[in-house]
Amino acid sequence: MTATLWNLVDVARFAAVDVAHELRRDYERGVFSRQILAGIGIAIAGSVVAIATGGYGLGVLGLLFAGFFVWSTARSDRRWRDERRDDP
């Protein structure tokens, strides 16, 4: 059982590092502002603390909140790029 738990922790860690690299790349392209990234980071950190202390509902809600901010900002960036594209 503990080996499975450690594997799950490793998968979560690798996923977090991958998301962090993607967000940094998007920040450098100008998709996200520092304020939005700070809000996403605070929501994720609060979710981790909530889940660690047993507040699973609050933790999941915080992760959904952070995911919504990432999704909505990226969606508006895609729409802006599509509007500026000159297709023949």
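Everything numeric in this text was worked out from a predicted model, so none of it was measured. Sequence positions, counted from 1, serve as the residue numbers for this chain.
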**Q** Output the distance between atom CZ (Phe32) and atom CD (Glu22), rounded to the nearest 0.5 Å.
**A** 10.0 Å
**Q** For Ala50, does its backbone N or O pair with a side-chain atom of Thr53 as donor and acceptor, under 3.5 Å?
**A**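 At least one qualifying donor-acceptor pair exists.
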**Q** Looking at Gly59 and Ser47, what are the two nearest heavy atoms and their distance?
**A**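 Reported closest heavy-atom pair: O-OG, 3.1 Å.
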**Q** Starting at OH of Tyr56, measure out to CD1 of Ile51 and round the result to the nearest 0.5 Å.
**A** 8.5 Å
**Q** From Asp26 CG over to Ile36 CD1, what is the distance, rounded to the nearest 0.5 angstrom?
**A** 11.5 Å
**Q** Working to the nearest 0.5 angstrom, can you tell me the gap between Glu28 CD and Arg25 CZ?
**A** 9.0 Å
**Q** Are Leu63 and Leu61 linked, directly or through intermediate hydrophobic residues, by side-chain heavy-atom contacts shorter than 4.5 Å (ILVMFWY only)?
**A** no
**Q** Mind checking the CD1-CG spacing from Ile42 to Leu37? Nearest 0.5 Å is all I need.
**A**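 Interatomic distance, Ile42 CD1 to Leu37 CG, rounded to 0.5 Å: 11.0 Å.
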**Q** Quick check on the hydrophobic clustering: are Phe69 and Leu58 connected, directly or via other members, by side-chain heavy-atom contacts under 4.5 Å?
**A**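 No, because Phe69 and Leu58 fall into different hydrophobic clusters, even though each may have its own neighbours under 4.5 Å.
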**Q** With side-chain contact (heavy atoms from CB on, under 4.5 Å) as the criterion, how do Leu23 and Val19 come out once you've worked through the C-alpha distance, each side chain's angles and the decisive distance to 0.1 Å?
**A** CA-CA 6 Å; Leu23 289 175; Val19 168; 3.9 Å; yes
**Q** Once you round to the nearest 0.5 Å, how far does OH of Tyr27 lie from CD1 of Ile40?
**A** 12.5 Å
